[in-house]
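I have placed the structure first, in the form of structure tokens, so that the comments after it can refer back to it.
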Amino acid sequence: MATKVTARQQLRAGSTHLTESNRAFFKQLLIYTRLRSFFKDPAEVSRSLLEIQADLADAQADGVSAEVYFGAAPASTSTALLHAIPSSRRATMRLCAFSALACLLVMLLPTMMLPGLPLDVGRLPLATGATVAFVLGLGLFFSRLAFTPHPRTFAAGVFGATLLAGLGLGGALPLLLWTRTPWRLVISDTTASWVILGLLALLVILSPAFLRLTGWPGLLLVGEYVVYAGVGLALRQPLAAAWLKQDWHLVWVMVAALIGLTLVTALGVLIASSRTHRTRRPQR
Amino acid sequence: MAQANDSQMLKGVLQGCLLMLLHTEPSYGYAITQQLAAHGFAAVPKGTVYPLLMTMAKKGLLESFMQASPDGPERKYYRLTAAGEAERTAFGLSWRALQQNVDEIIEKVATQDGN
């Protein structure tokens with residue numbers, strides 16, 4: 001942990017010695033490399049990035065820009081660099097563990113949303129595998145955008161990815177809820193309500209750090225969690241439950257909330273991306 | 001076409017060239033690319049050196065170490081391992097044999113063209 005913090009601080013400090021365009025290029029390189037290095041030791045990846053950053057500074061001092069120095073195919077060079085870094089079992093286990101924890105936190109709530117349904121713990125390993133695949137896919141997609149020269153193309157790509165992620169998550173969770181395994185637990189409404197409140201409290205504690213890490217896309221996940229929690233608690237209150245169970249009220253409430261969240265998040269991402277890429281280099 | 005052929009040939013010998021350069025003294029990425037440029041390899045994209053150095057380290061031909069630089073933060077230096085020295089010697093022998101054979105063919109064809 002100390003090594004990772006030190007390396008990231010060094011990377012931040014090192015970027016201050018680069019010109020604006022060189023800094024932007026290095027940032028693209030950093031984003032691309034980080035989003036494709038989930039199975040690599042983060043410290044090793046950081047050391048490689050530090051090495052390249054220091055050399056870019058040397059090249060800059062000799063009047064050579066980062067783009068010219070690193071070459072016309074930075075994406076494939078970065079991919080080759082990552083292939084050369086050995087895979088880390090610890091990094092792989094960490095990804096799986098975080099995915100499992102995220103699935104536990106995320107799935108527990110929707111699973112308890114409807115009163116009386118047994119808790120299917122066998123879904124956890126299935127959801128973990130799906131989450132790992134989703135994270136890797138998202139990383140690969142966003143990394144492809146890292147070297148996009150046009151700010152609008154980049155912003156459109158991020159907007160589209162956020163929409164897909166939101167719809168995918170919003171759609172995948174109900175789909176996962178339909179999966180049945182033999183390992184089920186039955187819990188009472190009172191216990192479920194306390195668990196839901198506990199998870200909401202945990203969300204309040206974890207969400208600032210989570211949102212700092214993920215930015216606008218994280219708001220989508222946090223918002224969906226709050227929606228599921230709200231519905232789960234409401235369905236255990238007689239008056240609210242009676243209204244929600246009429247016609248399609250429950251479905252409409254959830255659809256409206258999820259669509260609203262997705263749109264707000266996607267717009268936030270689009271605005272933030274457009275602002276960030278106003279300083280991006282123009283097309284060569 | 002000529003450029004593509006040059007690129008293919010270069011891929012085959014770049015590792016050997018790095019082994020030769022690092023035999024002289026340990027060095028770091030930017031300095032290595034400068035040495036390559038000084039020996040006629042200015043067209044080599046500098047970024048391609050980094051994955052090659054990492055691959056050579058992964059194969060055990062090189063080892064890296066951090067060393068303070070006079071003008072900034074610590075730099076990552078590379079030096080040959082014992083396996084790297086053996087590989088360098090083998091490369092030198094292979095290259096001389098290959099060069100001799102290729103030169104013979106070129107000379108023979110040139111002589112025939114002359115006739």
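We name chains A, B, ... by the order of the sequence lines, and we start the count at 1 in each one. Hydrogens, waters and symmetry mates play no part in the numbers below; they use all other heavy atoms, side chains included. In this text, all values refer to a predicted model and were calculated from it rather than measured experimentally.
Between Leu82(A) atom CG and Met54(B) atom CE the span is 9.0 Å, to the nearest 0.5 Å. Rounding to the nearest 0.5 Å places CG of Leu52(B) at 11.0 Å from CG of Leu81(A). Rounded to the nearest 0.5 angstrom, Asp55(A) CG and Tyr28(B) OH are separated by 7.0 Å.
Contact annotation: the side chain of Pro45(B) never approaches that of Thr77(A) to less than 4.5 Å [non-hydrogen atoms, C-beta and beyond].
Using a 4.5 Å cut-off between heavy atoms, His83(A) touches chain B through its backbone atoms (N, CA, C, O) alone. In this structure, chain A has a heavy atom under 4.5 Å from the side chain of Thr33(B), while its backbone stays farther away.
Under 3.5 Å, the side chains of Tyr30(B) and Glu51(A) contain no donor-acceptor pair of N or O atoms.
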After noting the C-alpha distance and the side-chain angles of Lys46(B) and Asp58(A), does the key distance pass the salt bridge (charged side-chain N to carboxylate O under 4.0 Å, His left out) rule?
CA-CA 12 Å; Lys46(B) 311 300 183 286; Asp58(A) 280 354; over 6 Å; no

Audit row: Leu50(A), Met66(B), side-chain contact (heavy atoms from CB on, under 4.5 Å) steps and yes/no
CA-CA 11 Å; Leu50(A) 277 169; Met66(B) 302 303 289; over 6 Å; no

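In terms of the ring pair (Phe, Tyr, Trp, His ring centres under 6.0 Å) criterion, residue partners of Phe65(B) (sequence neighbours excluded) are, by chain and number, Tyr77(B).
A 6.0 Å sphere centred on CD of Glu104(B) holds more than 12 heavy atoms belonging to other residues, nucleotides or ligands.
Lys76(B) approaches Ser48(A) most closely through the heavy-atom pair NZ-OG, 4.4 Å.
Listed options Asp62(A), Thr79(A), Val64(A) were ranked by heavy-atom pairs under 4.5 angstrom with chain B; first place goes to Asp62(A).
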